[in-house]
Amino acid sequence: MQKEKRSQRQPMPNRIFLDTNVYIVGAANTESIEWQILTWLGFDGSQPAEAEVIVSAELIEQILRVAKRLKTKDWAGSIVSRMWQNLNLRYVLVDDQEYSQLAALGWLPREDIGIYLAAKQGSADCLISSNHGLIRAVVTETKEFVCLTPQNFAEQYLS
């Protein structure tokens, strides 16, 4: 049964965009699925990166802001530092004009536009987020890349 399951598994995505919540939950709880995903990507430094991880200025700003609010400024900095040191990062710039155009359409909440555009600009194969609204909006409107919750990603690719 296990072999049958493995043969049906889709190929691992090569370019992944992790939403802010994946970094925060994963760094805060090493028992979480988010931590499993970060570890698979090399965040803990124990193995080389498996895939390219897309990041943007807005994502890093969100991580720093949320992590500082939850714990400390030092903890926030350590998350970003580990990202730069251990992950195979692809840094992308988000086009301000495209941001404005997407905001005018209104199908995506303003706080998610930069996340979506960074994943799009980085040619993500997969966006991983616990934000069900973001996932639903992207899947409904664009279908440009696979959008999964951390749980769904782990079940599909890591088990």
- Kindly determine whether I128 and Q151 satisfy side chain to side chain contact (heavy atoms under 4.5 Å, CB included), including the steps that lead there. CA-CA 9 Å; I128 303 171; Q151 178 74 38; over 6 Å; no
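- Two residues are said to be in side-chain contact when any heavy atoms from C-beta on lie closer than 4.5 Å; W35 and D44 meet this criterion.
- A distance of 13.5 Å separates CD1 of I16 from CZ of R90, quoted to the nearest 0.5 Å.
- Here the CD-CD1 distance, from Q62 to I24, works out to 9.5 Å after rounding to the nearest 0.5 Å.
- L59 and V25 fall into different hydrophobic clusters, where Ile, Leu, Val, Met, Phe, Trp and Tyr residues are linked whenever their side-chain heavy atoms come under 4.5 Å apart, directly or through other members.
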- Message: side chain to side chain contact (heavy atoms under 4.5 Å, CB included), that's the test. Do L117 and V92 meet it? Break it down for me.
- Response: CA-CA 9 Å; L117 288 175; V92 297; over 6 Å; no
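- Under the 4.5 Å side-chain contact rule for hydrophobic residues, V80 and V53 share a cluster.
- To the nearest 0.5 angstrom, Y23 atom OH is 8.5 Å from I60 atom CD1.
- Across G42 and N86, no two heavy atoms sit closer than the pair O-CB, 3.0 Å.
- In this structure, the side chains of C147 and S129 stay at 4.5 Å or more apart for every pair of heavy atoms.
- Taken to the nearest 0.5 Å, the CD1 atom of I63 stands 10.0 Å off from the CG atom of N21.
- Inter-residue side-chain proximity for R82 and L38 is flagged as unmet; no heavy-atom pair is nearer than 4.5 Å.
- Side chains of R15 and I54 form a contact here, defined as non-hydrogen atoms less than 4.5 Å apart.
- Distance CZ/F17 to CG/L127: 6.5 Å, rounded to 0.5 Å.
- Put simply, CD on E98 and NZ on K120 are 4.0 Å apart, with the number rounded to the nearest 0.5 Å.
- Looking at heavy atoms from C-beta onward, L41 lies in side-chain contact with L18 at the 4.5 angstrom threshold.
- Taking both residues in full, the closest heavy atoms of A51 and W40 are given as CB-CH2, 4.1 Å, listed atom of the first, atom of the second, then distance.
- Contacts of E58 classified as salt bridge (charged side-chain N to carboxylate O under 4.0 Å, His left out), with partners at least two apart in sequence or in another chain: none.
- Here the side chains of V146 and D125 are not in contact, with every heavy-atom distance at 4.5 Å or above.
- Taking the side chain as every heavy atom from C-beta outward, E34 and S130 approach each other to under 4.5 Å.
- Shown here for Y99 and G114, the closest heavy-atom pair between the two residues is CE1-N, 3.6 Å.
- Across all their heavy atoms, L64 and G77 have their closest contact at CD2-N, 4.1 Å.
- Closest heavy-atom contact between F153 and P13: CE1-CG, 3.8 Å.
- No donor-acceptor pair under 3.5 Å is formed between the side chain of S81 and the backbone N or O of S78.
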